[in-house]
Amino acid sequence: MNVSVQYQIRGHSGNQIAASIENAVRSGRLRAGERLPTVRALAARLRVSPTTVAAAYNALRGRGLVHGSGRRGTVVNRRPPLLTRAVFPPPAPGLRNLADGGPDPAMLPSLKPYLARLDGIPGKYGDAENRAALVKLAARQFKSDAIAAESIAVVSGALDAVERVLQAHLRPGDVVAVEDPSYTGVLDLVAALALVAEPVAIDDSGPLAEDLNRALKLGAKAFIVTPRAQNPSGAALDRKRAIELRHVLAGFGEVVLIEDDHAGPVAGAPAITLSAGREHWATVRSVSKSLGPDLRVSVMAGDALTVARVQGRQSLGPRWVSHILQDLVAMMWADAKTPARLQTAANTYACRRRALIEALAYHGIEAHGRSGLNVWVPVAEEAAVVNAMAAKGWAIRAGECYRIKSASGIRVTISTLTPEDALRFAADLADSIRPRSHAQSA
């Protein structure tokens, strides 16, 4: 039992105990990954019944603040749905930032020409929630990639879409099959919705069919897959793997399929979908990586019921995504110059991925990244490597936050890493993994 944690918790009712724990999480006195006392231990110290403590813990689980972790008991979530201290603080001044996962600003189109073309007439209540021009362009893109586009929703970013689809079909306690390693935002979102993540092993071609089959047999009601630009691994589906995954999914017709195609045209890999013939599905495309992170616009194609549920719930809250943002995206997509710009970005990122992987291979270091903005490098000691690279001037991301059961590694964002810089980075990483003193003694 963690005594220091135990004595930060107060209260005599379930609500008071839950509020005490929530305040400790919000203030940072209880940190991500810390284990709470057992129900019986805390009940004995607070002189309340175990039922009261259990009710408090259940309430916190339902709100996504904590989760059960087998023999470890109840643990504070990595990123609970509270405004807390940043889990990923910005890199220290002077470090080259290869940690944030974002696009190269130089690869993003300027907004000025498009802003100048806005008509300046503010939107108003009663306007159609989704701009017809944007929906038409989105439908054309989806159809060109063999994705059904009869029903389309406009939402605020890829994770917003994932959250809305999960809420439309699942309930707290339901199991969700997720890639392992997986984007930390997906793992945190699943936990915040009080859902249970079941890891599915992946390789460079995406989820392994046999492991997906295992996860679905365990009762997973949804499957979240990144068809290309998988974060953090850079995996991308190929035709063979897609056939294998479709065969598995065919045996679980009730499972909700969510495809997070967040990088879209700059992923550097063809669009492949598993959605054909599914009863409930959604394919999400964000513009954050291709047009700019501040354009909080994603388009989502899906079956009619799923899209109707997402739009219905949206209409009760934010109502619509800013029409100004929708108009900007529509103008960019309609611009005849945009396809060439996006292809240039995709080619540039591909060149930078390849340069880093080849530079690492020269030093005998394994690395993965078939698509997207990141390269995954297996390492034995994540924290030691991250700290050693920081000492050499590089900010990278430890893989712990992305993993459930998969092996350790580091994530390197390549979006701004030129081939020349990749050579220096690879040499520094080799030195960090195999210090010269050790190599010389060997």
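We number each residue from 1, following the sequence as shown. Quick note: numbers below take in every heavy atom, side chains included, and nothing from hydrogens, waters or symmetry partners.
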For a quick check under 3.5 Å, do [X] and [Y] share a side-chain donor-acceptor pair by atom type?
X: S371; Y: Q230; answer: no
X: D428; Y: W394; answer: yes
X: N231; Y: R411; answer: yes
X: S205; Y: D238; answer: yes

More than 12 heavy atoms of other residues, nucleotides or ligands under 6.0 Å from [atom1] of [X]: yes or no?
X: E400; atom1: CD; answer: no
X: Q167; atom1: CD; answer: yes
X: H363; atom1: NE2; answer: yes

Does the [X] side chain pair with the main chain of [Y], one donor and one acceptor, at a distance under 3.5 Å?
X: E259; Y: L274; value: yes
X: R352; Y: T418; value: no
X: T338; Y: M332; value: yes
X: R319; Y: L316; value: no
X: H368; Y: P378; value: no
X: D180; Y: K405; value: yes
X: Y349; Y: T344; value: no
X: D421; Y: L417; value: no
X: R228; Y: A269; value: yes
X: H262; Y: A229; value: yes

Over all heavy atoms of both residues, which pair between [X] and [Y] is shortest? Give the atoms and the distance, please.
X: V175; Y: G219; answer: CB-O, 4.2 Å
X: P207; Y: L245; answer: O-CD2, 3.7 Å
X: A398; Y: C401; answer: O-SG, 3.9 Å
X: A282; Y: V165; answer: CB-CG2, 3.9 Å
X: A304; Y: S151; answer: CA-OG, 3.5 Å
X: R278; Y: A250; answer: NH1-N, 4.0 Å

> Step by step, would you call T413 with S415 a side chain to side chain donor-acceptor pair (under 3.5 Å)?
Replying inline: CA-CA 6 Å; T413 299; S415 55; 5.8 Å; no
> How are the rings of H169 and H280 set to each other: parallel, tilted or perpendicular (split at 30° and 60°)?
Replying inline: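 Tilted: the ring planes of H169 and H280 meet at 30° to 60°.
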Side chains of [X] and [Y] in contact at under 4.5 Å (non-hydrogen atoms):
X: F223; Y: W281; answer: no
X: S275; Y: D303; answer: no
X: D261; Y: T226; answer: no
X: R164; Y: Q314; answer: yes
X: D335; Y: Y114; answer: yes
X: T74; Y: H67; answer: no
X: V178; Y: V186; answer: yes
X: L166; Y: I224; answer: yes

>> Here's a test for you: under side chain to side chain contact (heavy atoms under 4.5 Å, CB included), which of L328, V329, L291 qualifies with V297?
In response: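 Single side chain to side chain contact (heavy atoms under 4.5 Å, CB included) partner of V297 among L328, V329, L291: V329.
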>> So, applying side chain to side chain contact (heavy atoms under 4.5 Å, CB included) with M331, which one of L118, L137, L115 is it?
In response: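 Exactly one candidate clears the test, L118.
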Can you tell me how far apart [atom1] ([X]) and [atom2] ([Y]) are? Round to the nearest 0.5 Å.
X: T306; Y: Q311; atom1: OG1; atom2: CD; value: 11.5 Å
X: I202; Y: S406; atom1: CD1; atom2: OG; value: 7.5 Å
X: D211; Y: E198; atom1: CG; atom2: CD; value: 8.0 Å
X: E244; Y: N213; atom1: CD; atom2: CG; value: 12.0 Å
X: L208; Y: E179; atom1: CG; atom2: CD; value: 10.5 Å
X: E279; Y: L257; atom1: CD; atom2: CG; value: 12.5 Å

> Yes or no on salt bridge (Lys or Arg N to Asp or Glu O under 4.0 Å) for D174 and K221, after CA distance, side-chain angles and deciding distance?
Replying inline: CA-CA 7 Å; D174 285 345; K221 295 187 176 181; 3.4 Å; yes
> Which pairs with one or both residues in residues 134-151 pass salt bridge (charged side-chain N to carboxylate O under 4.0 Å, His left out), sequence neighbours excluded?
Replying inline: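 Sorted result for residues 134-151: D145-R285.
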> Would D160 and R296 count as a salt bridge (Lys or Arg N to Asp or Glu O under 4.0 Å) if you check the C-alpha gap in whole Å, the side-chain angles of each, and the deciding distance to 0.1 Å?
Replying inline: CA-CA 10 Å; D160 182 44; R296 307 308 299 164; over 6 Å; no
> Sequence neighbours excluded, which residues qualify as side chain to side chain contact (heavy atoms under 4.5 Å, CB included) partners of S408?
Replying inline: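 Side chain to side chain contact (heavy atoms under 4.5 Å, CB included) check on S408 returns E382, R403.
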